[in-house]
Amino acid sequence: MDTQKIPQHVAIIMDGNGRWAERRKMPRTQGHLEGVKRVAEIVDVAVELGIKVLTLYTFSQENWKRPEAEVSMLMQTICKALDLKSGELMRLNIQLRFIGRREGVPAHVLKQFERTAKLTSKNTGLILNLAFNYSSRTEILDGVRKVVEDVKAGAFDLEDLDEESFSRSLYTKGLPDPDLLIRTSGEQRISNFLLWQLSYAEFYFAESCWPDFTGEEFRKAIAEYQHRERRFGDVAGV
Ligand code: IPE
Ligand code: IPE
Ligand code: MG
């Protein structure tokens with residue numbers, strides 16, 4: 001692997017937990033539990049490779065439509081994982097962040113996110129960005145609302161609105177845009193994830209369901225990214 005060409009920011013749509021379990025005649029929830037193990041493995045590889053930001057699509061605003069039992073299991077699993085892994089996050093110098101709408105997240109879950117984010121806030125290694133109760137369209141609307149409010153309050157001049165200043169109104173404020181988007185489970189869609197930020201990202205679709213997406217598969221995705229030619233609208237080879 002070319003150590004000079006490591007993507008700064010990788011975003012992952014961790015999909016296929018349910019199908020992974022169903023194919024094994026297990027309850028969908030078992031797939032989520034197995035998926036958590038892969039998160040730990042992928043985070044380790046990201047740290048090892050020196051990736052700066054890893055954004056994981058953990059729970060979308062649309063995922064509230066799922067059966068209550070699955071949703072409450074997911075809430076419990078994420079809280080437990082954040083709590084159990086906090087020592088590991090400190091050991092690996094990882095800073096945990098949360099992107100998504102705070103309104104609508106159950107209080108105890110939000111508290112756990114805030115506790116872990118605060119604990120790790122001074123860490124200087126990998127930024128592990130968890131998209132939770134996340135919807136990209138909502139994020140953009142929240143950004144527009146912020147701009148309008150700032151203009152009304154006289155804190156922002158509409159003349160200064162450009163891509164850079166608008167990016168600062170998004171949940172991902174201060175982070176570089178993703179270089180690489182990975183989606184597992186063979187689905188090839190974006191499902192309301194980082195619509196603004198993915199403008200020039202490279203896309204990689206893996207056939208494996210998330211619980212089968214090993215560190216080795218992750219390295220394969222990075223290696224493939226390294227062979228892509230990014231043009232940003234320019235002509236090739238300059
Ligand atoms: C991804 O796996 C995890 C979440 C969305 C929380 P899914 O639960 O979407 O698994 P499939 O797509 O139904 O197989
Ligand atoms: C996207 O996966 C959300 C997460 C991985 C958290 P979904 O499984 O919810 O997406 P769709 O419904 O297949 O588009
Ligand atoms: Mg899915």
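Just so you know, ligand 1 is whichever comes first in the structure, and atom 1 is the first atom listed for that ligand.
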For Ser185 and ligand 1, answer yes if some heavy atom of the residue is under 4.0 Å from a ligand atom, otherwise no. no

Yes or no: does Glu22 have any heavy atom under 4.0 Å from an atom of ligand 1? no

Should [X] and [Y] count as side-chain neighbours, where that means a heavy-atom distance under 4.5 Å?
X: Met14; Y: Leu56; answer: yes
X: Tyr171; Y: Thr138; answer: yes
X: Ile222; Y: Leu49; answer: yes
X: Phe218; Y: Ile12; answer: yes
X: Leu161; Y: Phe156; answer: yes

Taking non-hydrogen atoms only, is [X] closer than 4.0 angstrom to ligand 1 via side chain, backbone, both or neither?
X: Glu187; result: neither
X: His32; result: side chain
X: Asn63; result: side chain

Enumerate the atoms of ligand 1 whose separation from the nearest heavy atom of [X] is less than 4.0 angstrom.
X: Gly18; result: 7 (P), 8 (O), 10 (O), 11 (P), 14 (O)
X: Arg28; result: 7 (P), 8 (O), 10 (O), 13 (O)
X: Thr58; result: 6 (C)
X: Arg19; result: 11 (P), 12 (O), 14 (O)

Enumerate the atoms of ligand 2 whose separation from the nearest heavy atom of [X] is less than 4.0 angstrom.
X: Phe59; result: 6 (C)
X: Arg189; result: 11 (P), 13 (O), 14 (O)
X: Ser191; result: 10 (O), 11 (P), 14 (O)
X: Arg66; result: 7 (P), 8 (O), 9 (O)

Should the pair Phe59 and Trp64 be assigned to parallel (<30°), tilted (30 to 60°) or perpendicular (>60°) ring geometry? perpendicular

How are the rings of Trp210 and Phe213 set to each other: parallel, tilted or perpendicular (split at 30° and 60°)? parallel

Protein residue, atom and distance nearest to [atom], heavy-atom basis:
atom: atom 5 (C) of ligand 2; answer: Met14 O, 3.4 Å
atom: atom 2 (O) of ligand 2; answer: Arg183 NH2, 3.7 Å
atom: atom 8 (O) of ligand 2; answer: Asp15 OD1, 3.2 Å
atom: atom 6 (C) of ligand 2; answer: Tyr57 O, 3.3 Å

With side chain to side chain donor-acceptor pair (under 3.5 Å) as the test, would you mind laying out the steps for Arg230 and Tyr225 before giving the verdict? CA-CA 10 Å; Arg230 302 180 76 189; Tyr225 163 85; 3.1 Å; yes

Taking 2.8 Å as the cut-off, does an N/O/S atom of Asp15 lie below it from the Mg ion (ligand 3)? yes

Side-chain H-bond candidate by donor/acceptor type, [X] with [Y], under 3.5 Å:
X: Arg19; Y: Ser185; answer: yes
X: Arg228; Y: Gln226; answer: no
X: Trp196; Y: Ser167; answer: yes

Atom 13 (O) of ligand 2 protein-contacted (non-hydrogen atom, under 4.0 angstrom): yes

Start with the C-alpha gap between Tyr134 and Gln61, add the side-chain angles, then the distance that decides, and say whether side chain to side chain donor-acceptor pair (under 3.5 Å) holds. CA-CA 5 Å; Tyr134 179 85; Gln61 224 166 56; over 6 Å; no

